[in-house]
Asker: 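Please find one structure pasted underneath; my questions will follow.
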Amino acid sequence: MIDLIDSILSMNLDVYKQFEVQDTDTGAIVREWTYYKTIPCHAKGVISNSATTRSSDKQIFSNKYTNDQMIQVRTAERLTSREKVTNIRDAHDVPIWQELNYPNETPTVFEVVGTTPITDPFGAVIGYNSSMKRSENQQIGQ
């Protein structure tokens, strides 16, 4: 990897992969999540006052309460929509996004919305930018 790219990935996040198993009693396919690995990253909240761009935080009170939160994450490895990330930590290993209203301050779980490559001037892929949203289900494994 390029030293410049490595130097800006000063944070870490935990990646969980999705896999399907069949319930032995009902035959139903059940989606489960398992820890895959920890990778270096650089994450930031999405902040905008534009109506066409998603903002970082939004709470909606309707028939169903929703808490939308979007972040941008830069990594050296491609993330896919079959993965969830959590426990995004700074250089001192302190979680950055946490669920304050949960029984205790657990790291926020995010779903990958989309990923786009970052290329150098010669067309080689040197990293990836991923858009992520706060997962409605904050318990991995559920």
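Starting from 1, each residue takes its place in the sequence as its number. Just so you know, these numbers use all the heavy atoms, side chains as well, and skip hydrogens, waters and symmetry mates.
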Asker: Do T115 side-chain atoms and L79 backbone N/O form a donor-acceptor pair below 3.5 Å?
Answerer: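 Yes, T115 side chain to L79 backbone: donor-acceptor pair under 3.5 Å.
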Asker: Is it true that E20 and R31 make a salt bridge, defined as a side-chain N closer than 4.0 Å to a carboxylate O?
Answerer: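 No, no charged N to carboxylate O under 4.0 Å.
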Asker: Which distance, rounded to the nearest 0.5 Å, do you find between the CZ of R78 and the CD of E83?
Answerer: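 Result: 8.0 Å between the selected atoms.
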Asker: Compare every heavy atom of Y35 with every heavy atom of T38, then report the nearest pair and how far apart it is.
Answerer: OG1-OH, 2.7 Å
Asker: For a side chain to side chain contact (heavy atoms under 4.5 Å, CB included) check, start with the C-alpha distance between I29 and V21, then their side-chain angles and the critical distance, and finish with the verdict.
Answerer: CA-CA 6 Å; I29 301 297; V21 295; over 6 Å; no
Asker: Is there a side-chain contact between Y16 and V85 (heavy atoms, below 4.5 Å)?
Answerer: no
Asker: To the nearest 0.5 Å, how far apart are CD in E111 and CZ in R82?
Answerer: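 That separation rounds to 13.0 Å.
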Asker: Decide yes or no on side chain to side chain contact (heavy atoms under 4.5 Å, CB included) for T34 and F19, but give the supporting numbers first.
Answerer: CA-CA 8 Å; T34 186; F19 65 97; 3.5 Å; yes
Asker: Minimum heavy-atom separation for G123 to T119, with atom names?
Answerer: O-CG2, 4.0 Å
Asker: Got a donor-acceptor contact below 3.5 angstrom from the R89 side chain to the N87 backbone?
Answerer: yes
Asker: Do I96 and M132 share a hydrophobic cluster (ILVMFWY, side-chain heavy atoms under 4.5 Å, transitive)?
Answerer: yes
Asker: Show your working on side chain to side chain contact (heavy atoms under 4.5 Å, CB included) between T106 and Q98 and close with a plain yes or no.
Answerer: CA-CA 5 Å; T106 59; Q98 296 180 354; over 6 Å; no
Asker: Apply salt bridge (charged side-chain N to carboxylate O under 4.0 Å, His left out) to residues D14 and K37 and explain how you reach the verdict.
Answerer: CA-CA 6 Å; D14 295 338; K37 62 181 167 180; over 6 Å; no
Asker: Nearest 0.5 Å, please: how far is SG in C41 from CG in L13?
Answerer: 4.0 Å
Asker: If hydrophobic clusters are built by linking Ile, Leu, Val, Met, Phe, Trp and Tyr wherever their side-chain heavy atoms come under 4.5 Å apart, do W97 and I39 end up in the same one?
Answerer: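 Cluster IDs for W97 and I39 match.
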Asker: Indicate yes or no: at least one non-hydrogen side-chain atom of M70 is less than 4.5 angstrom from one of V113.
Answerer: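 They are in contact (side-chain heavy atoms under 4.5 Å apart), so the answer is yes.
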Asker: Yes or no on side-chain hydrogen bond (donor to acceptor under 3.5 Å, both in side chains) for S131 and Q72, after CA distance, side-chain angles and deciding distance?
Answerer: CA-CA 5 Å; S131 295; Q72 293 288 322; 2.8 Å; yes
Asker: What are the two closest non-hydrogen atoms of P40 and T75, and how far apart are they?
Answerer: O-CG2, 3.9 Å
Asker: Do the numbers put K84 on top of the ring of W33, so that NZ or CZ is under 6.0 Å from the six-membered ring centre and no more than 45° off the axis?
Answerer: yes
Asker: Please report the shortest heavy-atom distance between A43 and M11, naming the atom on each side.
Answerer: N-SD, 3.3 Å
Asker: Apply side chain to side chain contact (heavy atoms under 4.5 Å, CB included) to the pair I88 and I71, showing each step before the final yes or no.
Answerer: CA-CA 11 Å; I88 301 172; I71 62 172; 3.6 Å; yes
Asker: State plainly whether the residues E99 and R134 are in salt-bridge range, i.e. N to O under 4.0 Å.
Answerer: yes
Asker: Has Q22 got a side-chain atom pairing as donor or acceptor with G27's backbone, closer than 3.5 angstrom?
Answerer: yes
Asker: Under the ring pair (Phe, Tyr, Trp, His ring centres under 6.0 Å) test, which residues partner Y36, sequence neighbours left out?
Answerer: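 Here no residue qualifies.
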Asker: Which heavy atom in V30 sits nearest to a heavy atom in D23, and how many Å separate them?
Answerer: CG2-CB, 4.2 Å
Asker: Working to the nearest 0.5 angstrom, can you tell me the gap between Q69 CD and K133 NZ?
Answerer: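 So the gap between those two atoms works out to 13.0 Å.
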Asker: Would you find more than 12 non-hydrogen atoms of other residues, nucleotides or ligands less than 6.0 Å from R74 atom CZ?
Answerer: no
